[in-house]
There are 2 protein chains.
Amino acid sequence: MDFFDELGSAGLGSRLRRLSEVVTSQAAEVYELYHVAFEPRWFPVFYVVATEPGRHVGDIAERIGQTHAAVSQVVKDLVKHELVQVQRGETDQRRSVISLTEKGAALWPALQQQTADVRQATETLLAETRHNLWLAIGEMEYALSRQSLGSRVKAIRDARVGSAVRIREYEPQFQPDFKRLNIEWIERYFRVEEPDLKALDHPEEYILQPGGRILLAEYQGQIVGACALLRMDADTVELAKMAVSPAAQGLGIGFRLGEAAIAQARALGSKRLYLESNTKLAPAIQLYHKLGFRKTVAGQPSPYERCNIQMELVLQEVKG
Amino acid sequence: MDFFDELGSAGLGSRLRRLSEVVTSQAAEVYELYHVAFEPRWFPVFYVVATEPGRHVGDIAERIGQTHAAVSQVVKDLVKHELVQVQRGETDQRRSVISLTEKGAALWPALQQQTADVRQATETLLAETRHNLWLAIGEMEYALSRQSLGSRVKAIRDARVGSAVRIREYEPQFQPDFKRLNIEWIERYFRVEEPDLKALDHPEEYILQPGGRILLAEYQGQIVGACALLRMDADTVELAKMAVSPAAQGLGIGFRLGEAAIAQARALGSKRLYLESNTKLAPAIQLYHKLGFRKTVAGQPSPYERCNIQMELVLQEVKG
DNA sequence: AGTACTAATGTAAGCACTTACGTAAATTAT
DNA sequence: ATAATTTACGTAAGTGCTTACATTAGTACT
């Protein structure tokens with residue numbers, strides 16, 4: 001208890017498990033109280049079999065929200081205790097249709113009575129509390145189905161990282177970082193080509209002087225991402241040399257760089273932003289898509305071997 | 001979901017389990033998101049080891065509210081992943097003192113950051129709901145620790161049965177029931193003796209005519225319990241021939257009979273109610289105790305072999 | 001009718017814990 | 001000091017589900 005208070009709601013999963021264990025074991029005591037040879041986990045299956053005859057395993061599983069495997073196992077137990085029996089389906093021989101045995105049918109009224117008692121006890125119990133557990137569970141299930149815990153945490157992390165990421169203009173001292181980040185991923189997936197080295201070794205000459213831009217992402221005092229805009233013609237700019245260090249991937253840094261690059265392209269008066277990539281780089285393609293880029297049908301020839309896809313983002317519709 | 005609504009809160013245990021599974025598996029996704037090679041279930045142990053150095057297995061278990069076995073297993077896993085190391089205790093060689101390895105220490109800051117994110121996400125999640133799950137769990141744990149589900153259910157059942165049990169005065173047609181109920185338990189534990197048969201076969205002659213009473217309990221149209229009051233002398237009445245059919249035991253019927261008998265004894269003007277029993281019959285002794293009977297030190301000699309304990313209940317203090 | 005796919009089920013193994021049990025070290029009683 | 005008890009721990013097996021896999025029956029398509 002102590003510990004959970006300290007840890008806070010991050011331990012929600014464990015805490016739920018612990019409570020479910022307490023409730024389950026106390027439920028088992030209830031069956032003892034009624035001296036009924038019956039295990040709590042049988043109940044959902046038995047209930048469906050008793051109230052809705054003619055159902056088969058998969059059917060029951062769907063009804064009670066468990067897997068067919070769980071139902072199959074419970075049925076096996078129930079058969080062993082002679083409470084239900086299994087028949088092959090008439091129309092469909094694959095089905096296991098479950099029905100009560102005489103012994104099972106004899107047990108049912110007592111079980112119903114007991115369930116009514118348990119329900120009443122639980123309802124009194126819930127009424128004792130200020131925060132209704134039953135309703136809280138329902139709301140939580142709904143909230144989690146709308147958005148998973150993972151994506152909620154991701155949103156929080158992205159917000160935190162976002163405010164700690166600084167997008168910077170190129171300065172000469174960043175040339176080694178710019179080169180390192182790009183060489184890293186090119187070597188990982190492809191091989192470094194001649195045009196790469198030119199641009200990475202002499203960015204001022206090959207990128208900035210022709211009217212392009214270089215952007216860098218700084219996170220926790222380190223340069224962890226980079227990208228470049230290359231001037232193609234009056235209306236078109238190419239987005240290239242996009243790189244994020246592996247350690248900083250998944251933090252939304254690529255997206256921040258992309259946004260900044262698009263803003264820059266607009267500022268340069270470009271009407272169309274264009275890029276080349278490779279379908280092997282699925283996360284990158286996904287990122288570009290998220291930024292608004294769409295695949296172009298027929299494109300210019302590329303100077304790079306590794307490119308097999310071209311994408312573009314229209315910044316300003318050309319009036320036709 | 002459907003099913004639980006229909007079944008009502010009787011399925012609280014299963015439902016908690018299901019939710020805890022969802023939360024736990026979503027928590028695992030979070031670790032993937034941070035690409036940290038870490039399993040959620042390690043967290044509590046790792047947390048204690050990181051924040052409170054020098055602790056040993058049992059110590060950690062107590063801290064996080066799990067068993068030492070669970071901690072021992074997690075530690076084994078953590079050692080395999082080189083995140084912690086184990087040393088024998090210095091003063092006590094039985095202890096396994098756990099500490100972080102370098103790798104573990106390196107992981108800790110990232111994990112702390114992640115935990116903070118998870119906590120924030122969970123808190124936002126909880127804030128979205130009208131019924132706060134976290135507080136509801138706390139309240140439920142408290143309510144269940146005060147009174148278990150079993151005893152709550154029992155109280156409800158006793159109330160239900162109580163109103164369905166009718167305590168009746170003896171009538172000649174009940175003689176077979178009176179005999180059957182008593183023979184049943186006597187034969188089960190002891191053997192039927194001569195005075196038993198006299199009283200059971202001819203209750204009017206041996207019990208009623210000397211000024212005694214016979215009470216019967218009717219439940220669902222059947223006689224399921226009986227007891228008799230035997231007049232001893234002007235001040236003393238003996239409670240005897242108390243019997244409840246096995247199928248109806250545990251329903252509080254004995255208690256109802258006892259209460260009625262005590263009321264009758266008072267009505268007869270008796271100052272002292274006395275009984276003989278056997279310590280082998282633990283539930284019976286417990287019942288008598290609950291009714292207010294206390295063991296007497298030295299008693300009268302008994303006509304029955306099977307009696308090895310005498311108890312009495314003072315109805316009206318004899319002024320000394 | 002033969003083939004590929006899909007559906008229904010049973011079985012095995014896994015998960016994150018528990019309880020049960022056995023062993024060795026420490027403590028207490030004699 | 002020896003014996004009896006308690007404590008600390010690790011291992012095995014159980015719990016109530018799940019996922020993964022294998023088998024067999026039914027369906028759709030040629």
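Lettering of chains follows the sequences in order, A, B, ..., and the numbering in each one begins at 1.
- For A:Glu90 and C:dA8, the CD to P distance is 17 Å, given to the nearest whole Å.
- Residue A:Ser20 is out of contact with every strand shown, counting any heavy-atom pair closer than 4.0 Å.
- B:Thr24 meets the side chain to side chain contact (heavy atoms under 4.5 Å, CB included) test with no other residue; sequence neighbours excluded.
- Residues satisfying the side-chain hydrogen bond (donor to acceptor under 3.5 Å, both in side chains) criterion with B:Glu139, sequence neighbours excluded, are absent altogether.
- Computed from coordinates, the B:Leu16 CG to D:dG16 P distance equals 15 Å when rounded to whole Å.
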What side-chain donor-acceptor pairs closer than 3.5 Å can you find for residues 148-159 of chain A, not counting sequence neighbours?
unit_1   : atom_1 : unit_2   : atom_2 : d
A:Ser148 : OG     : A:Gly150 : N      : 3.3
A:Ser148 : OG     : A:Ser151 : N      : 3.2
A:Ser151 : OG     : A:Gln147 : NE2    : 3.2
A:Ser151 : OG     : A:Ser148 : O      : 3.2
A:Arg152 : NE     : A:Gln147 : O      : 2.9
A:Arg152 : NH1    : B:Glu128 : OE2    : 2.8
A:Arg152 : NH2    : A:Ala143 : O      : 3.0
A:Lys154 : NZ     : A:Asp158 : OD2    : 3.1
A:Arg157 : NH1    : B:Leu33  : O      : 3.4
A:Arg157 : NH2    : A:Gly250 : O      : 2.5

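- For the pair B:Gln26 CD and D:dT18 P, the interatomic distance rounds to 16 Å; values are reported in whole Å.
- Put simply, NZ on A:Lys80 is 11 Å from P on C:dT11, counting in whole angstrom units.
- As a whole-Å value, the separation of B:Arg17 CZ from C:dC15 P is 14 Å.
- The ring of B:His81 has its center closer than 6.0 angstrom to the ring center of B:Trp42.
- Note on B:Glu21 versus B:Arg17: salt bridge recorded, some NZ/NE/NH1/NH2 to OD/OE distance being below 4.0 Å.
- Contact annotation: side chain of A:Arg41 to base of D:dG16, donor-acceptor pair absent below 3.5 Å.
- By the ring pair (Phe, Tyr, Trp, His ring centres under 6.0 Å) test, A:His289 pairs with no residue at all, sequence neighbours left out.
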Per-nucleotide protein contact string for nucleotides 4-12 of chain D (B base, S sugar-phosphate only, - none; heavy atom under 4.0 Å): ---BSBBBB

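- For the pair B:Ser14 and D:dC17, the criterion of a side-chain N or O lying under 4.0 Å from OP1 or OP2 is met.
- As rounded to whole Å, 14 Å separates atom C1' of D:dT19 from atom CD of A:Gln66.
- Among residues two or more places apart in sequence or in another chain, the side chain to side chain contact (heavy atoms under 4.5 Å, CB included) test is passed with B:Thr67 by B:Ala69, B:Ala70.
- Checking B:Thr91 against B:Glu21, the closest nucleotide of DNA chain C that is more toward the 5' end is the one next to B:Glu21.
- For A:Glu39 and D:dG16, the CD to P distance is 6 Å, given to the nearest whole Å.
- Following rounding to the nearest Å, A:Phe43 (CZ) and D:dT15 (C1') show an atom-to-atom distance of 20 Å.
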